[in-house]
Amino acid sequence: MKKVFFSILIMVSFDVFSQTHQMPMPETKEKASKLNSSKSKNNTSEYNIMKGNTLPLSRPIAEKLVKPTGKTVEYDLNIDYKEVNYTGKKATAIAINNGIAGPTLYFIEGDSAIIRIHNKLKTETSIHWHGILVPNRKDGVSYLNTPPILAGETYTFRFPILQSGTYWYHAHNIQEQIGLHGSIIIQRQKPTIKVDKEVVLLISDWADEGAGSIIKNLKRRNEWYSIRKNNIQSLDRIIKNNALGAYLKQSFQRMPPMDISDIAYDKFFINGLTTSSLEEIKPNEKIRVRVINAGTSSYFNLNFAGGDMEIVSNDGQDIQPIKVKHQLMGMGETFDFILTIPNDMAYEIRATAQDGSGFASFFLGKGMKMEAPTIPKPNLYEMTRTMSSMNMNAMKMKGNNVKSFPSYTQKEIPKPNANKGLEIKGMDMKNKNTKEHDMKNMDKKGAENMEEMDMDLGEYNTSNYYNLKSIEPIIFPENRPLREIRLELSGDMRRYIWGFDGKPMSREEKINIKRGEIVRFNMVNTTMMFHPIHLHGHYFRVLNGQGEYSPLKHTVSLAPMESITIEFLADDEKDWIFHCHLLYHMALGMARVIHYEGDMPDADIAPMHSQFMASMNDNAYFTWGNIDIGVTNSYLKMNRSNNRNAFILSADANWKGDYEIDLDYERYLTQYFRVFGGVDAGNELFLRKSSGEVGSNIDSKIIRPVIGLRFLLPFLIDSEVKVDSKGNVRFQLSGQQRLTRRLGFEFEGQWLIEGYTRLHVGLDYVLTKNTSLFANYDTRYKTAGGGLSFKF
């Protein structure tokens, strides 16, 4: 018996010893990390399932949590053109099953979805399932992870439904603006909130003007949209609102006046209508109102005529109920509210565009209409004063101390404070990659810096994320490496180029991450606009001071100069896009590809990746210009440029036959600094250097190569110095200022060394988007002139 026992013991020992020596030992911490990640990925207990977690922290976790229903739900979506007339002007929209918006798709978590997209357009299209945890191949971003749906073709999406909540689908391009969007509602297998009725409200914006025309208008710095909305920050209004000091400080930092929205929209809709209703409601019935902001570039403030609204869910995930009087919603966000109507009347739910340019209404109940309180237009001057109190340069320098909160694993759970959330201190963000959730660097100095970066832009211009608390603790798996990445949201409003860290997507395509990490983004908005930032294929925690109850979201809004920290489990694969959901910002640079290191795209997708960059359009060339036809003087300017290069033609002539033509190639080295070279030509006397050329052959034409530098000075003044092939050196300063809503002032001063000094001053009065009156005086001609200006 003893011999048998010792024989078994020896065999077991030898087996253990051999397995130990056969296991490859990690040579680096990186390999060890991969090994741990691989082991933990298959460890069900790591996903906290045994501790009662029910939230989809990642797609692999959701796959383990959701019990399949065994039911397959199928839809056919026919995408085609539809002629509409919302404003008295005919326009072409895109309808889904002949509806704008498209039909609502209903599922139960655990279902299997089969959705066939029939593209009847004359061009390709795409469909993205916003907020839905789908396999990478089914995400719907053409050329990145999903093939484009070509004209006349059908594409079938198949994926499991791994979550519940309010979501939506839309084209992942500007087709979304003209109707290609719809709602998705996924019910729980066991509902946690009992209601009497539900209603889905999809909010959208509409412009008769085409996307190409809108982009050109934004690119050429035409202020027509602000003029039309009566939101322009002209000098008379700045003075009237006691904001001159703040405006000068902001201009000194080379920051243009802020605006809430880039575009003036013609209409705003709820479910494709400006006004609609649900009448079959009895007083005191509990109504779940599922609201989706499907706007292209419009934030909306939501409020209710019946009083407070109770938020019970955000971005599809239930939260601890909170009551609000109104809620600001960024593009791509969803909120679920519980509402009741107190009497037999029709109570308005109003969605007001954040810039105050319009609203859409939905009424609950029937009878006399009760209107919701009017949301005041934003006070841009007060907001400018608030932002000018911050030093932008100091903000960028202190970027390592952004508004950051600690992560929590199963071993790091502080006691929650139901009233105040988690008490926090600043975190030192110097280390980009760290293996553990290190809380030792939370110092007093960091907290002070965060306080300096807090701003109050008014109650109607904040998303109130600090009030959101998850219904259950959200605890990430332990022993995962933490990767920290700091991102500045950046933009150049003068040229309408957007990006992260000062680079549009075409110049900085990917953010590399590793499977098994916890990835933390410390985001700082350094622009004068609001940005809703959306991550495909993942949920992230918004570290908002609520400790382990920090909420899960897929879209988060950043106000001007605001900073927010988010983090997610990198449990998926391949490539996902991370972008601003203001679609003109995304298309013109504010996007990145989140890439899982070591992963390759599908074989049929790989050749398309270069087309994906082209489809984003941020480095495309745009052409625009203006011609001023006037008495005594006429002017022409044309510009063809992308985000780094520009070809510029400038010309002017007077009634005597004098003329000048400048043709330049310009290269941007930074946002403010560029170099150029080209040719100056003409026959005007002022082109000649007085000491050597004036007085002889003054009627001869001049054609000379030139090179030079241009730099944007404080107060948004353009400076230039250039030298021609004869050694003539010329300095120039130019700028403009809107004096009133429609009246603007411009100036240009030139000094040719040992030659002349020239001053040009002018006024323009805007008539329409593309026309204005102008008047000017130029010391070259010693005459005043004026006429009509056309933009093209």
Side-chain angles (χ1 to χ4, degrees), residues 220 623-641 645-669 673-713 717-736 746-762 774-787 789-790 792:
R220 69 187 183 190
T623 302
W624 67 91
N626 63 276
I627 182 169
D628 301 341
I629 303 174
V631 177
T632 70
N633 314 317
S634 294
Y635 305 86
L636 169 69
K637 187 162 187 177
M638 292 184 62
N639 185 302
R640 178 169 174 78
S641 63
N645 308 288
F647 298 90
I648 304 169
L649 172 65
S650 300
D652 57 69
N654 68 2
W655 61 279
K656 295 180 181 180
D658 298 323
Y659 68 91
E660 179 186 9
I661 300 174
D662 296 343
L663 179 61
D664 298 331
Y665 163 71
E666 183 178 75
R667 174 74 172 182
Y668 275 80
L669 302 181
F673 180 62
R674 62 253 198 216
V675 296
F676 69 94
V679 175
D680 284 1
N683 66 355
E684 294 178 350
L685 179 65
F686 74 89
L687 289 171
R688 298 165 173 78
K689 187 173 178 180
S690 61
S691 61
E693 297 174 83
V694 174
S696 63
N697 297 320
I698 61 174
D699 293 326
S700 64
K701 298 178 179 63
I702 293 173
I703 300 178
R704 292 178 183 165
V706 297
I707 58 173
L709 309 172
R710 293 183 178 125
F711 187 71
L712 184 65
L713 297 171
I717 296 173
D718 273 307
S719 66
E720 173 187 293
V721 58
K722 69 178 176 181
V723 58
D724 66 22
S725 59
K726 292 287 186 178
N728 297 313
V729 179
R730 190 175 83 177
F731 294 92
Q732 177 175 300
L733 297 175
S734 61
Q736 56 187 10
E746 64 177 9
F747 74 91
E748 183 179 284
Q750 296 177 347
W751 175 46
L752 180 70
I753 295 179
E754 299 183 14
Y756 66 89
T757 300
R758 172 228 173 181
L759 180 64
H760 171 98
V761 293
F774 75 90
N776 58 39
Y777 179 82
D778 197 314
T779 59
R780 292 181 296 181
Y781 311 125
K782 299 181 181 178
T783 57
S789 178
F790 299 92
F792 59 89

Gap separating the [atom1] atom of [X] from the [atom2] atom of [Y], nearest 0.5 angstrom:
| X | Y | atom1 | atom2 | value |
| --- | --- | --- | --- | --- |
| E720 | D664 | CD | CG | 7.0 Å |
| I703 | N683 | CD1 | CG | 11.0 Å |
| I702 | I661 | CD1 | CD1 | 12.5 Å |
| D724 | L752 | CG | CG | 8.0 Å |
| D718 | L733 | CG | CG | 9.0 Å |
| N626 | K637 | CG | NZ | 8.0 Å |

Is any side-chain heavy atom of [X] closer than 4.5 Å to a side-chain heavy atom of [Y]?
| X | Y | answer |
| --- | --- | --- |
| I753 | F731 | yes |
| Y659 | S634 | no |
| K782 | Y777 | yes |

Is the side chain of [X] donor-acceptor paired with the backbone N or O of [Y] at a distance under 3.5 Å, no angle test?
| X | Y | result |
| --- | --- | --- |
| N654 | K656 | yes |
| R220 | F792 | yes |
| T623 | R640 | no |
| T779 | L759 | yes |

Could you tell me whether [X] and [Y] have a side-chain N and a carboxylate O separated by less than 4.0 Å?
| X | Y | answer |
| --- | --- | --- |
| K722 | D680 | yes |
| R730 | E660 | yes |
| R758 | D778 | yes |

Specify the closest pair of heavy atoms between [X] and [Y], including all atoms of both residues, with the distance to one decimal.
| X | Y | result |
| --- | --- | --- |
| T757 | W751 | OG1-CD1, 3.5 Å |
| D628 | S789 | OD1-OG, 2.5 Å |
| N633 | F774 | O-CZ, 4.2 Å |

>> For Y635 and N776: C-alpha separation, side-chain torsions, deciding distance, then whether side chain to side chain contact (heavy atoms under 4.5 Å, CB included) applies.
In response: CA-CA 11 Å; Y635 305 86; N776 58 39; 3.3 Å; yes
>> I'd like to check the side-chain hydrogen bond (donor to acceptor under 3.5 Å, both in side chains) partners of Q732; sequence neighbours left out, ordered by chain and number.
In response: Q750
>> Would you say CG of L713 has more than 12 non-hydrogen atoms from neighbouring residues, nucleotides or ligands within 6.0 angstrom?
In response: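 Counting neighbours around CG of L713, more than 12 heavy atoms of other residues, nucleotides or ligands fall under 6.0 Å, so yes.
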